[in-house]
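Working notes for the structure below.
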There are 2 protein chains.
Amino acid sequence: MALKISPETYVNQIDNSWPDGVKKTRQRVEIYNILSTAKEPLSAAEIFARVLENNKEAGYAFSTVYRSLLAFEKAGMVTKSVLVSEDTAVYELNSGKIKHYAVCLKCHKKISLKGCPLSNLRPVLSTEGLEDFMVTGHQIEIYGYCKNCRMDMV
Amino acid sequence: MALKISPETYVNQIDNSWPDGVKKTRQRVEIYNILSTAKEPLSAAEIFARVLENNKEAGYAFSTVYRSLLAFEKAGMVTKSVLVSEDTAVYELNSGKIKHYAVCLKCHKKISLKGCPLSNLRPVLSTEGLEDFMVTGHQIEIYGYCKNCRMDMV
DNA sequence: TTTTTAAATGCGAATGATTTGCAGTTAAAT
DNA sequence: ATTTAACTGCAAATCATTCGCATTTAAAAA
């Protein structure tokens, strides 16, 4: 059962990881909290849906979600990625850890891979033409069908 | 200097790799040829631009490019992928070989990786929760800045 | 070769995700 | 408390991609 935490408490909890230069607004704090409790990377639409649940009457703009995510991303607080098997971008808190997923093509469930199969990038980059390429990131995605969906397929 | 080859010759050249069940039209042959001479995977827009160069007056629909690519993809003739660093899908002939790229975030140049760093997928899939996951494919993308763009950055 | 027919095309309109312009708030610096 | 740059809501604009439908065409059948 989930604890009830006041907005003020939330704000305090995230004080440490909130980057300078990003204005801390009610909307952004809420988006941050949604991301921090998410078990999967979320799309802007999924985030907005959760926002609306908490703001049944208050006005709230979809564009604010996008703009906040962009601000978070620029500040290095959030990672955006586009999975092959989906047509929307997903966002997750940049924990510096998990980054890669196995994605079910049917139910779209995302299972995070423990660790990174490319942790030793050097050998990969020995490819000719890549000698002077400055690597800033990489993504690995494995797709197929999860246990449940395999069963559904009969 | 490029050789001049008649359309008829083109058609003959690709007779072997053209899959059954895919009607061979002037438009599709042209798209196929564009893909087969491309050095990078191309977006639908890039393909369409090249089509227009060859068809300065003849009518040609953007949607035909999409529909042809979809038909090719279904027939296993073409591979579609969405790169993290781009917002459009790119297509390439399914040679059964190269599939992974290093992408420059600035000029969008794509450098194909020789071989696949995940050729031994098994160890990766030992992740808990993935035991019963049926893998049908994967994608690896490395991004950063290519030699030229690094220089431009001063 | 002519006929037949399912599949492909052109065209424009529809969709869905994401972005943007602008006028009205608001966080946070003074 | 005042000021101001940054943020928000809202609606309209974009951009990639898909779809409906009437017309055309490749290729199967006669």
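Residue numbers start from 1 in every chain, and the chains themselves are labelled A, B, ... in the order their sequence lines are given, proteins ahead of strands. Everything quoted here is computed from the prediction, not taken from an experiment.
Between chain A and DNA chain C, the heavy-atom contact criterion of under 4.0 Å yields a 5' to 3' nucleotide range of C/dA17 to C/dA28.
A heavy-atom distance below 4.5 Å is found between the side chains of A/Glu73 and A/Leu70. Side chains of B/Val51 and B/Thr64 form no contact here, defined as non-hydrogen atoms less than 4.5 Å apart. Looking at heavy atoms from C-beta onward, B/Met77 lies out of side-chain contact with B/Val22 at the 4.5 angstrom threshold. In this structure, B/Leu42 and B/Val90 have side chains that are not in contact, with every pair of non-hydrogen atoms separated by 4.5 Å or more.
One atom, CH2 of A/Trp18, and another, C1' of D/dA6, lie 14 Å apart when rounded to the nearest Å. We find that CG of B/Leu70 is positioned 18 Å from P of D/dA16, with the value rounded to whole Å. Straight-line distance from the NZ atom of B/Lys23 to the P atom of D/dA26: 8 Å, rounded to whole Å.
B/Tyr60 is linked by a ring pair (Phe, Tyr, Trp, His ring centres under 6.0 Å) to nothing, counting only residues two or more places apart in sequence or in another chain.
Sorted by residue number, the members of residues 59-69 of chain B with any non-hydrogen atom under 4.0 Å from DNA chain D read B/Ser63, B/Tyr66, B/Arg67.
There is a path of hydrophobic side-chain contacts, each under 4.5 Å, that joins A/Val65 to A/Leu52.
As judged by a 4.0 angstrom heavy-atom cut-off over every strand, B/Ala45 is placed among residues making no nucleic acid contact. Looking at heavy-atom distances under 4.0 Å, A/Ala71 makes no contact with the nucleic acid at all.
A close approach under 4.0 Å does not occur between any side-chain nitrogen or oxygen of B/Arg28 and OP1 or OP2 of D/dA26.
Mapping B/Thr25 and B/Asp87 onto DNA chain D by nearest heavy atom places B/Asp87 closer to the 5' end of the strand.
Separation of atoms CZ (A/Phe48) and CD1 (A/Ile31) is listed at 9.5 Å; rounding is to 0.5 Å.
A perpendicular orientation is assigned to the rings of B/Trp18 and B/Phe72, their planes being inclined by more than 60° (bins at 30° and 60°).
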